[in-house]
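Side chains included, hydrogens not; waters and symmetry mates left out as well; all remaining heavy atoms used. Values in this document were obtained by computation on a predicted structure and should not be read as measured data.
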Amino acid sequence: MGGSRAVLRFDGIDSCGRVWLNGAELGVTQGSRVPAEFDVTAVLRPGAENVLAVRVHQWSAGSYLEDQDMWWLPGIFRDVTLRLRPDGGIDDVFVHAGFDHQTGEGTLRIEAPPGALLTAPGLGLSGVPAGQDHRVGRVQPWTAETPNLYDVSVHTAAETVRLRVASARWRSWTAC
């Protein structure tokens, strides 16, 4: 696979899943509404038959955190994908942003791998380093009536990740 990594992704298992690939235990995931990823590079057999096994538990410690008025139907209820991740790719980004509700001015910092750059045309940012605070001047806050979103891309030589970012009138920003 030439320096790339293979990642197995579960977009939703309710309530808890224990995962094996080719007899090797990959791990456990709890939290039905959040994705779980497992690095399977070492156990995946490219070009051969692979056996994926998942044991789903209806009840777990996460069940009590997620307790709400809903049907308790355990299982894998969202997509399962196998992704080849490029060497030098972007595994994670974290958006930190501030919004001054009195002046309407914002700040934006995106944590990403070293050397990553970010571009946000609607905020006047182009090819600036990630991991640093950037003042972006006045921003339009997101409301139900005017759902303003700003397109942001984070890129390295190997990969580009696109985000939609919004600011709330009385809060910081969030990635959508």
Side-chain angles (χ1 to χ4, degrees), residues 1-68 70-97 108-121 125-131 147 149-166 173-176:
M1 291 185 288
S4 299
R5 294 180 305 113
V7 176
L8 181 64
R9 178 183 171 105
F10 291 86
D11 286 338
I13 298 177
D14 192 353
S15 149
C16 172
R18 185 172 296 264
V19 183
W20 294 265
L21 181 61
N22 297 326
E25 185 172 355
L26 301 176
V28 177
T29 176
Q30 292 185 43
S32 304
R33 306 305 185 263
V34 294
E37 294 183 338
F38 301 95
D39 188 336
V40 296
T41 308
V43 295
L44 186 65
R45 296 183 221 146
E49 185 173 303
N50 291 275
V51 177
L52 175 64
V54 181
R55 182 170 58 202
V56 176
H57 301 263
Q58 181 173 11
W59 307 110
S60 69
S63 302
Y64 301 100
L65 297 173
E66 296 177 341
D67 193 17
Q68 53 189 310
M70 61 183 220
W71 290 100
W72 289 101
L73 302 173
I76 299 171
F77 66 96
R78 291 187 178 149
D79 290 343
V80 177
T81 53
L82 181 63
R83 299 176 177 199
L84 189 61
R85 300 289 301 130
D87 189 30
I90 301 171
D91 289 329
D92 195 14
V93 295
F94 193 98
V95 176
H96 300 272
L108 180 63
R109 178 170 47 98
I110 297 181
E111 291 179 25
L117 301 174
L118 70 98
T119 298
L125 301 175
S126 180
V128 298
L149 294 172
Y150 294 93
D151 293 317
V152 176
S153 66
V154 180
H155 44 96
T156 64
E159 185 175 29
T160 299
V161 173
R162 289 177 172 67
L163 306 168
R164 309 273 335 252
V165 177
W173 298 29
T174 186
C176 301

Which heavy atom in D92 sits nearest to a heavy atom in P113, and how many Å separate them? O-CD, 4.0 Å

Which atom of H155 lies closest to which atom of T119, heavy atoms considered: NE2-OG1, 3.4 Å

Could you check if a side-chain atom of F38 sits within less than 4.5 angstrom of a side-chain atom of L21, using non-hydrogen atoms only? no

Can you tell me how far CG of D39 sits from CG of L44, rounded to the nearest 0.5 angstrom? 10.0 Å

What's the shortest heavy-atom distance between R45 and N50, and which atoms? N-OD1, 2.8 Å

Considering all heavy atoms, the nearest C16-V28 contact: SG-CG1, 3.7 Å

Set of residues satisfying ring pair (Phe, Tyr, Trp, His ring centres under 6.0 Å) with respect to F77, sequence neighbours excluded: none

So, T156 side chain and A116 main chain: donor-acceptor pair closer than 3.5 Å or not? no

Enter the distance from I110:CD1 to L118:CG here, rounded to the nearest 0.5 Å. 5.0 Å

Please find the pair of heavy atoms, one from A158 and one from G89, that lie closest to each other, and give the distance. CB-N, 4.0 Å

Please determine which of V40, L52, V56, V80 meets the side chain to side chain contact (heavy atoms under 4.5 Å, CB included) test together with V19. L52

What distance do T41 atom OG1 and L84 atom CG have between them, rounded to the nearest 0.5 Å? 8.0 Å

Spacing of F10 atom CZ and T81 atom OG1 [to the nearest 0.5 Å]: 9.0 Å

With distance as the sole test, does E159 use its side chain to make a donor-acceptor pair with the main-chain N or O of I90 at under 3.5 Å? yes

Identify the two heavy atoms, one from V43 and one from N22, that lie closest to each other, and give their separation to 0.1 Å. O-ND2, 2.8 Å

Out of curiosity, H57 NE2 to D14 CG, how far, rounded to the nearest 0.5 Å? 12.5 Å

Between R18 (side chain) and A53 (backbone), is there a donor-acceptor pair under 3.5 Å? no

